[in-house]
Every structure is written in structure tokens, then in C-alpha cells.
Undergrad: 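A single structure is presented below for examination.
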Amino acid sequence: MGVVPIPDGVPSTSLPAPAATAPARPSSAGPGGRDRPGAPKAVDKDTTAGILFGIGAYGLWGLLPLYFFVLQPAGAVEIVANRVVWSLLFCALLITVTRAWPALVAAFRNRAVFGSLAVAALLIAVNWLTYTYGVTTNQAVETSLGYFINPLVSVLLGVLVLKERLRPLQWAAVGIGFVAVGVLTYSYGKLPWIALTLAFSFGLYGFVKNRVGSRVDAVTSLSVETMVLAPFAAATMVYLGVAGAATLTTEGPGHFWLLLASGVITAVPLLFFGASARRLPMTTIGLLQYFAPVLQFLVALLVFREAMTVERWIGFGVVWLALLVLTVDMLRNARRNSAARKAALRTAA
């Protein structure tokens, strides 16, 4: 699959190809190219840094519900509107510091790139609104479910949109995922629409970003998307202020600065992720991605004290089984590809 699902608005297409992600590791070989017996393997600092950056990114995304919780009484619409506006200002600062304005101008001038990013902006707006609504209405467990099933949705989109052929274990994982949705629908007494909206909106977002991933970097991409959404977000902030429903300036200086910090809180994990993706193979990124929904799930249970019935535990268990099958397939395929590359190198030598 070319799409690795990333929570909360991060382009999956910034992931490098597996063969080009890690630099050559220092060798412990002695003279003549032979490994010295008992010589310790050199630590790959890039890999260590990549894992730490990845944990930082997914850890921050996983703890995001706590941030929305302390923003009460702000509602989902106000939080997302502020997030867009202040993210745009933070991105403008980043672009100025990194002198990346030419890249931003080029993205606007390229109709194909701008059109794709505009569609991506609408999809991520739906994702952000749904996610924030779920957290602020005591449904954080279901929001975590959305990101648990996101890998299954990405596989399904590969079949429906990209006409990919799935391996047997991938088919098994998708089938188990359908069973899980059925069990959870029975448990909730309704279709888990928050989870499904999150999974499909972000799956489609990843697909759209996949079309332009090689032509625009992460910060430029986020900047264009927030520029597309900023007029609507600013108008929403004005409307809420006129209607007396805004909390930005009515809940004290602490609340004011917390809302303004949404720009930093949006951009920093993105930068961490970009630093991680440049250093790690896709397989490792694919494993790290589960860190975020696990944290969201734990926050929902341990901090927000959301209820989990027996039926919901069963439904989540079936989802986790599907993810286990998908992960096993991913690792087997990565090992097979690695062996094939090594064999090709030996043949070429």
C-alpha cells in the first residue's frame, strides 16, 4: 500500500520509499571486510532519532484529547476555527524562517497541486470537526476506534480506488474489520458514524495527498490547506463573536493563550513526523502509527472515564485482531522485499 494512515491531518505521502529511508549503517567489520568476532554493532543514531521523533509525534496526537478537554467550554466548531487560523500564522512564521516562500508560491501556481490540496483541505476539515466533536461530547473511545480502523479503510480504498490486488491476509483483515463494525453497531445501537467518518475522511485525505506527495513538502502542504480553510475559519470566529458564543476572550487569559497555542500544537507533531519519516522505513512508521489510537483509548478510559460495555470490548477485540493480521502481513511482506533486494544486490555483485 502506498498510503500509511496518520492521525489528525498529517500527509501520509511524506513517507519515503523503504529502500531509501535509512543511510548505510556503520560496519563493525575488520580488515578484509570480515566482522570482528564479538564486536558490538554500531548504534544507528539516525534510526534512534527517527524512533524518538515518531514517538513524539504519535504521542502528541494521542494526547490531543486532553488538550481539547482543557479548552472547555469551547465547542468543536470554535476549536477547529481557531486551530486553522493560528496554524496558518504559525506556518507563515515557519516558512519565513526557513525561507520557503518560493515553494509556497509554486504550489499555488500549479493548478494540479493546488486543486488536490484544496480537496485535501475540505477532507481534513471534516476530519478535524468530527474528531473534536467526538472528544468534546464524551465519545473519545469512538474517536480512537476511527484511527484503529483507518489502516483497514486504507487497504479497502486501495482496492476500490487504486484497483490494487490484495494479499490473502489483507483480505482476511478487511473481512474481520467488517465483522467488527457489525459487532460495534450492535453494541452502540447505531452505526459508529464518528469512527467511520474519521477513518474514511482521513483515508481519502491520504489518497488525495498521495497524488501530490512528491511535489510539495509537509509545511507547504499544511500552509496551503490552512489558507484554503482560513477565510471560512475567520468568518466562523467573527460569527461566534457577534453571536456571543465565542470563548476566546471571555474565559480569561489562560484560555486565550491555550486557544492561540493550537497553531503550535498542530504544527509541532507534523514536524516531528516529518523528521521521523526521513529516518525510518515505512514498516516502522506503520507500527508506530498504532501508538496514537492506543493513547487516545487509554485517555478515554482512564481520564474521561467513558463506559465500555462487554459488547464494545468484543468489538474492539475483533478490530485489534484485524490489525494484528494486517500487521503480520505487513511484516512478512517487508521481510520478503528485503530478502529480494539483498538477493538482487548479491546477483549484481
Undergrad: Would a single hydrophobic cluster contain both Phe178 and Val153, if residues Ile, Leu, Val, Met, Phe, Trp and Tyr are joined by side-chain heavy-atom contacts under 4.5 Å?
TA: yes
Undergrad: Taking all heavy atoms of Phe90 and all of Gly263, pick out the closest pair and write down the distance.
TA: CD2-O, 3.9 Å
Undergrad: Is there a donor-acceptor contact under 3.5 Å from the side chain of Ser276 to the main chain of Gly50?
TA: yes
Undergrad: Near Lys190 NZ, under 6.0 Å, is it more than 12 heavy atoms from other residues, nucleotides or ligands?
TA: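 Enclosed.
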Undergrad: Trp313 and Phe297: aromatic ring centres closer than 6.0 Å?
TA: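 When the ring centroids of Trp313 and Phe297 are compared, they turn out to be within the sub-6.0 Å range.
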Undergrad: Drop me the distance from Thr247's OG1 to Leu71's CG, to the nearest 0.5 angstrom.
TA: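 Interatomic distance, Thr247 OG1 to Leu71 CG, rounded to 0.5 Å: 7.5 Å.
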Undergrad: In this structure, are over 12 heavy atoms from other groups packed under 6.0 Å from Tyr239 atom OH?
TA: no
Undergrad: Verify the distance criterion only: is there a donor paired with an acceptor across the side chains of Thr143 and Gln139 at less than 3.5 Å?
TA: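 There is no such pair between these side chains.
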Undergrad: Roughly how far, to the nearest 0.5 Å, is the CG atom of Leu323 from the CE atom of Met330?
TA: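 The CE atom of Met330 sits 10.0 Å away from the CG atom of Leu323.
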Undergrad: Dump the intermediate steps for side chain to side chain contact (heavy atoms under 4.5 Å, CB included) on Leu229 and Ile124, then the final yes or no.
TA: CA-CA 10 Å; Leu229 298 175; Ile124 207 59; 4.3 Å; yes
Undergrad: Report yes if the side chains of Trp171 and Val155 come closer than 4.5 Å at any heavy-atom pair, otherwise no.
TA: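 When only atoms from C-beta onward are counted, Val155 and Trp171 do not touch, as no gap falls below 4.5 Å.
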Undergrad: Distance check, rounded to the nearest 0.5 Å: Ser87 atom OG versus Leu270 atom CG?
TA: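 If I round to the nearest 0.5 Å, the distance is 10.0 Å.
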Undergrad: Under the side chain to side chain contact (heavy atoms under 4.5 Å, CB included) criterion, do Phe272 and Ile55 qualify, and how do the steps go?
TA: CA-CA 9 Å; Phe272 281 2; Ile55 291 174; over 6 Å; no
Undergrad: Does Lys209 form a salt bridge (charged side-chain N to carboxylate O under 4.0 Å, His left out) with Glu225? I'd like the steps, not just the answer.
TA: CA-CA 11 Å; Lys209 294 296 287 288; Glu225 290 166 37; 2.8 Å; yes
Undergrad: Are Tyr290 and Leu298 connected into the same hydrophobic cluster when the rule is that any two of I, L, V, M, F, W, Y join if their side-chain heavy atoms are below 4.5 Å apart?
TA: yes
Undergrad: Does one hydrophobic cluster hold both Val238 and Leu260, with members joined at side-chain heavy-atom distances below 4.5 Å?
TA: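 No: no chain of side-chain contacts under 4.5 Å links Val238 to Leu260.
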Undergrad: Got a donor-acceptor contact below 3.5 angstrom from the Thr226 side chain to the Ser223 backbone?
TA: yes
Undergrad: Going through the checks in order, is the side chain to side chain contact (heavy atoms under 4.5 Å, CB included) test met by Val224 and Val216?
TA: CA-CA 10 Å; Val224 173; Val216 61; 5.7 Å; no
Undergrad: Below 4.5 Å, heavy atoms only, C-beta onward: do Phe304 and Leu66 meet side chain to side chain?
TA: yes
Undergrad: Quick one: does any side-chain atom of Tyr67 pair with a main-chain N or O of Leu258 as donor and acceptor, under 3.5 Å?
TA: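 Here the side-chain-to-backbone pair exists.
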Undergrad: Tell me if a side-chain donor or acceptor on Thr96 pairs with a main-chain N or O of Ala92 at a distance below 3.5 Å.
TA: yes
Undergrad: Looking at Asn82 and Glu78, would you say the former's side chain and the latter's main chain have a donor-acceptor pair under 3.5 Å?
TA: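 Checked: pair present.
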Undergrad: Quick one: closest heavy-atom pair of Ser144 and Phe316, and the distance?
TA: OG-CE2, 4.1 Å
Undergrad: Supply the atom-to-atom distance Arg215 CZ to Leu117 CG, rounded to the nearest 0.5 angstrom.
TA: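 These two atoms lie 9.0 Å from each other.
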Undergrad: With a 3.5 Å distance limit and no angle check, can you tell me whether Tyr186 reaches the backbone of Gly315 through a side-chain donor-acceptor pair?
TA: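 Looks like no, no N/O pair under 3.5 Å.
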Undergrad: Taking the side chain as everything from C-beta on, heavy atoms only, tell me whether Thr236 gets closer than 4.5 Å to Val84.
TA: no
Undergrad: Do you know the tightest heavy-atom contact between Pro192 and Leu184?
TA: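 In this case the closest contact between Pro192 and Leu184 is CG-CB, 4.5 Å.
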Undergrad: Taking the side chain as every heavy atom from C-beta outward, state whether Val159 and Val174 have any pair of such atoms under 4.5 Å apart.
TA: no
Undergrad: Determine the minimum heavy-atom distance between Leu280 and Thr47, stating which atoms define it.
TA: CD2-O, 3.7 Å
Undergrad: Side-chain contact, heavy-atom cut-off 4.5 Å: Phe207 with Ser154?
TA: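 Not in contact.
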Undergrad: Would you call the rings of Tyr58 and Trp61 parallel, tilted or perpendicular, where under 30° means parallel and over 60° means perpendicular?
TA: perpendicular
Undergrad: Which pair of non-hydrogen atoms, one from Ala234 and one from Val85, has the smallest distance, and what is that distance?
TA: N-CG2, 4.0 Å
Undergrad: If you measure from CG on Leu104 to CZ on Arg109, what distance do you get to the nearest 0.5 Å?
TA: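 Going from CG on Leu104 over to CZ on Arg109, the span is 11.0 Å.
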Undergrad: Nearest 0.5 angstrom please: Asn127 CG to Phe200 CZ, how far?
TA: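 CZ of Phe200 is found 13.0 Å from CG of Asn127.
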Undergrad: Determine yes or no for a side-chain-to-main-chain donor-acceptor pair under 3.5 angstrom, with Glu306 supplying the side chain and Ala140 the backbone.
TA: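 Indeed, once roles are kept as given, a pair shorter than 3.5 Å links the two residues.
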Undergrad: If Ile, Leu, Val, Met, Phe, Trp and Tyr residues are connected whenever their side-chain heavy atoms lie under 4.5 Å apart, and connections chain through other members, are Val219 and Phe53 in the same group?
TA: yes
Undergrad: Given Leu196 and Trp193, is the side chain to side chain contact (heavy atoms under 4.5 Å, CB included) satisfied, shown in steps?
TA: CA-CA 5 Å; Leu196 293 175; Trp193 68 269; 5.6 Å; no
Undergrad: Ignoring hydrogens and angles, tell me if any N or O in the side chain of Ser201 forms a donor-acceptor pair with the backbone of Leu198 under 3.5 Å.
TA: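 Indeed, once roles are kept as given, a pair shorter than 3.5 Å links the two residues.
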Undergrad: Check whether any side-chain heavy atom of Val126 lies under 4.5 Å from a side-chain heavy atom of Thr197, and answer yes or no.
TA: yes
Undergrad: Looking only at non-hydrogen atoms, find the nearest pair between Ala180 and Val319 and report the distance.
TA: CB-CG2, 3.4 Å
Undergrad: Is there a chain of hydrophobic side chains (I, L, V, M, F, W, Y, each step under 4.5 Å between heavy atoms) that links Trp320 to Val179?
TA: no
Undergrad: Check whether any side-chain heavy atom of Phe68 sits under 4.5 Å from a side-chain heavy atom of Arg83, and report yes or no.
TA: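 The answer is yes, as the side chains (C-beta and beyond) meet within the 4.5 Å cut-off.
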Undergrad: Kindly indicate whether the side chain of Leu259, heavy atoms from C-beta on, has any atom under 4.5 Å from the side chain of Glu251.
TA: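 Answer no - side chains too far apart.
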